[in-house]
Amino acid sequence: MGCGLALLLKRVEAALRAKGIPYEYIEEDSSNKSQALMQYNPVHKKVPVLVHNGKPIAESSIILEYIDETWEQAPRLLPDDTYERAKVRFWASFIQQQLFEGVSQVITSDGETQEKAMGELLEKMNIFDEEMKKLFPNGVSVTEVQNLGLLDILVVAAFSPYKAQEEVAGVKILDPEKNSLIFSWVTALNQLSKVQDLVPPLDGIVGPLQFVRKTTLGSSG
Ligand SMILES: N[C@@H](CCC(=O)N[C@@H](CS)C(=O)NCC(=O)O)C(=O)O
């Protein structure tokens, strides 16, 4: 799963827009996949796929790195320094594997299962919050996120629509008291017009999230 949530913020589009690279966006219908998708991503048959000069690249994190290496202009998604880059990759994978997944589980469960999922997500958010405080000891301001690096894009994807996530899940997910750093980061990111352009308004998110929640709860009995 994770798909219904990832759909809300298109990470590849965010990177292309951040760098000002013109692109054509083609929507795929997952219930009626196109011939082009089969041809471009024959292994997984999933989006996103970036087609550059006729050549396909699949898997969002690989596409993001390809974009950064192919269009080297600012903003750089990954730092130049190899150690800094390794750290960004480490946290990028933490956000994608732990936080995306945790938020998905909270949104698609209820009762005791949801309580447990929220407890686990909170533990991961606390770790992330504490570690990121070392990078941003004074909290995150709008100036720091102007350039939209890789971690900014992933934090937007995970938490930017937190109000919609909370409304649908019926629990508090991003608590400023518990996760002050993540909260200041998300608040700064949500003030950027390029982020506002990419994240649908609250109304546009609640419906699709509710659909994902209902179908998952329904199918698990
Ligand atoms: N690890 C892949 C995940 C891709 C993925 O799950 N794509 C979903 C859309 S968000 C999809 O194409 N689902 C259609 C399907 O599974 O048939 C990535 O990050 O690119």
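Counting convention: from 1, in listed order, for ligands and their atoms alike. Excluded from the calculations below are hydrogen atoms, water molecules and symmetry mates; all remaining heavy atoms, backbone and side chain alike, are included.
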Flag [X] as yes when one of its N or O atoms lies below 3.5 Å from any N or O atom of ligand 1, and as no otherwise.
X     : result
Glu59 : yes
Lys45 : no
Arg11 : no
Val47 : yes

Side chain to side chain contact (heavy atoms under 4.5 Å, CB included) partners for Asn32, two or more places apart: Asp29
4.0 Å heavy-atom contact, Lys33 with ligand 1: yes
Parallel, tilted or perpendicular: ring planes of Phe94 versus Phe90, cut at 30 and 60 degrees: parallel
Aromatic plane relationship, Trp185 with Phe128 - under 30° parallel, 30 to 60° tilted, over 60° perpendicular: parallel
Short N-O contact, Glu166 and Lys163, less than 4.0 angstrom: no
Ser30, Ala58, Ser60: member with heavy atom nearest to atom 20 (O) of ligand 1: Ser60
Spacing of Leu50 atom CG and Ile57 atom CD1 [to the nearest 0.5 Å]: 4.5 Å
Heavy-atom side-chain contact between Val140 and Leu189 under 4.5 Å: no
Under 4.0 Å to a heavy atom of Pro48 - the qualifying atoms of ligand 1, by number: 20 (O)
